[in-house]
Amino acid sequence: MIYFTVDIEAENGGKIKMYQKKMALINDVTGFGRCSIAVMAPIISAMKIQAVTIPTAILSTHTQFPEFFFDDYTPKMRDYIQTYKNINMEFDGIATGFLGSKEQVDIVIDFIETFKTDKSVILIDPVMGDYGELYKTYTPEMCEKMKTLVEYANILTPNLTELCTLLGVDYGNGKFSTDALHDMCQELSQKGPEHIVVTGIPFHKKQIMNYIYSKDEDPQIVMVDRIGEDRSGTGDVISSVISGMYMNGHTFYDSVRKAAEFASKCIKYCEDNKVPSHWGLCFEMYMKDLIE
Ligand code: PXL
């Protein structure tokens, strides 16, 4: 394995050597619109973790724009990843987001099996749909594959639609009691993930609930005010803050709380400054909040 140390400032003003963690980001590279790697890499870098980019697709803008250039990277991914196999790379963290094909899920599973260590944190954001509907790219075959992928996660960050899809539960009107959420998370957790946060659950119109489940612990809730309309890339901001915090030794609850509060602050800035919702979150304004 490749082992780097970096000098960091000690409290007494001197320098100490520290192992710097590396996180693989398997996600799309989108130029404009603040999503995926363009959001995750700077956020985890601010948290002193080295970001290693594994592109799944290259887009000029994300898919919420009326027009975008899209280059599927699937055919090149195996060769790209081979370099890391050749140099015996290991990753302290691996985070995955939107995946565009069944083959990409297979590539991700192979990646995790090759590069994880006993201590690696694997965050899987099972981006599949929203508001009870699956994205158009999601075939029933891909849904089945996603169920296999989530077994590799330490941390899973589904929204309600994704939670229901992964368990084959009817979304209905999207209203679930906390007992029902607990039972669903418990069932999913038995397949692998130690920590699950069900993100973005609408609560009494004015609030958003994040339901936190950790194996063998009491469930917890992080509630934030709903500010404006939904913004693209919010999930990417949240999952990168959670994974960075957790890799830096914080509890899962504290990681989720920090992520939800950080995202809310960025969203408020965007609303106050009338930034269009498909331009994503102006996270650049508050990067200093992430520096530990
Ligand atoms: O996570 C948001 C996202 C990521 N990547 C692409 C997207 C979007 C949201 O629309 O289109 C390509």
Side-chain angles (χ1 to χ4, degrees), residues 23-44 51 53-77 93-105 107-108 123-139 142-143 146 149-150 153 155-163 165-166 197-201 208 210 228-244 256 259-260 262-264 266-267 270 275-284:
M23 189 182 326
L25 303 174
I26 311 177
N27 216 323
D28 58 82
V29 175
T30 293
F32 183 66
R34 294 191 189 92
C35 67
S36 315
I37 285 173
V39 165
M40 300 191 74
I43 286 182
I44 66 150
T53 302
I54 323 286
T56 54
I58 299 177
L59 296 89
S60 51
T61 63
H62 62 60
T63 59
Q64 305 301 308
F65 282 82
E67 186 193 319
F68 52 88
F69 166 82
F70 176 87
D71 186 19
D72 178 14
Y73 212 63
T74 311
K76 305 198 179 108
M77 284 179 76
I94 300 172
T96 75
F98 178 85
L99 300 172
S101 63
K102 186 177 147 293
E103 195 187 345
Q104 270 185 4
V105 183
I107 293 172
V108 172
L123 179 141
I124 293 176
D125 186 3
V127 181
M128 300 163 87
D130 218 343
Y131 308 109
E133 305 271 338
L134 290 181
Y135 297 131
K136 288 187 196 76
T137 49
Y138 255 83
T139 58
M142 267 197 81
C143 286
M146 265 322 244
L149 179 60
V150 301
I155 297 177
L156 196 66
T157 59
N159 61 26
L160 258 184
T161 306
E162 292 150 356
L163 180 71
T165 307
L166 289 169
V197 54
V198 187
T199 57
I201 306 171
I208 301 280
N210 296 286
E229 53 188 309
D230 289 349
R231 286 191 168 264
S232 45
T234 304
D236 300 322
V237 170
I238 288 180
S239 61
S240 40
V241 177
I242 292 175
S243 50
V256 173
F262 181 75
S264 290
C266 298
I267 292 170
C270 296
V275 177
S277 61
H278 54 298
W279 287 25
L281 271 59
C282 301
F283 64 89
E284 302 88 351

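All values below come from the heavy atoms of this structure, side chains included, with hydrogens, waters and symmetry mates left out. Counting convention: from 1, in listed order, for ligands and their atoms alike.
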*Asks:* Show me which atoms of ligand 1 lie under 4.0 Å from any heavy atom of Ser36.
*Replies:*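 Every atom of ligand 1 under 4.0 Å from some heavy atom of Ser36: 4 (C), 5 (N).
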*Asks:* Is there a donor-acceptor contact under 3.5 Å from the side chain of Gln104 to the main chain of Thr56?
*Replies:*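 Yes; judged by distance alone, with no hydrogens or angles, the pair exists.
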*Asks:* Please write down residue, atom name and distance for the protein heavy atom closest to atom 11 (O) of ligand 1.
*Replies:*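 For this ligand atom, the closest protein heavy atom is Thr63 OG1, 2.6 Å.
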*Asks:* How far is atom 10 (O) of ligand 1 from the closest protein heavy atom, and which atom is that?
*Replies:*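 Result for atom 10 (O) of ligand 1: Gln64 NE2, 3.0 Å.
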*Asks:* Given side chains that start at C-beta, do those of Leu281 and Val39 come closer than 4.5 Å, heavy atoms only?
*Replies:* no
*Asks:* Which atoms from ligand 1 have a heavy atom of Leu59 less than 4.0 Å away?
*Replies:*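 Those of ligand 1 that fall under 4.0 Å from Leu59 are 12 (C).
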*Asks:* Report the nearest protein non-hydrogen atom to atom 7 (C) of ligand 1: residue, atom name, distance rounded to 0.1 Å.
*Replies:*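 Protein heavy atom with the smallest distance to atom 7 (C) of ligand 1: His62 CB, 3.6 Å.
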*Asks:* Which atoms of ligand 1 have any heavy atom of Asp28 under 4.0 Å away?
*Replies:* 4 (C), 5 (N), 6 (C), 12 (C)
*Asks:* Examine distances only and state if a side-chain atom of Asp236 and a backbone atom of Met40 form a donor-acceptor pair shorter than 3.5 Å.
*Replies:*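 Side chain of Asp236 to backbone of Met40, a donor-acceptor pair under 3.5 Å: no, none is there.
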*Asks:* What do you reckon, does Gly235 put a non-hydrogen atom under 4.0 Å from ligand 1?
*Replies:*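 Not so, Gly235 does not reach ligand 1.
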*Asks:* Identify the residue among Leu149, Leu156, Leu99 that makes a side-chain contact (heavy atoms from CB on, under 4.5 Å) with Pro126.
*Replies:* Leu156
*Asks:* Quick check: closest heavy atoms across Gly97 and Val127, and the distance to 0.1 Å?
*Replies:*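 Closest pair (atom of Gly97, atom of Val127, distance): C-CG2, 3.9 Å.
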*Asks:* Short N/O distance, under 3.5 Å, between Asp236 and ligand 1?
*Replies:*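 In this structure, Asp236 places an N or O atom under 3.5 Å from an N or O of ligand 1.
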*Asks:* Please report whether the ring centroid of His278 lies less than 6.0 Å from that of Phe65.
*Replies:* yes
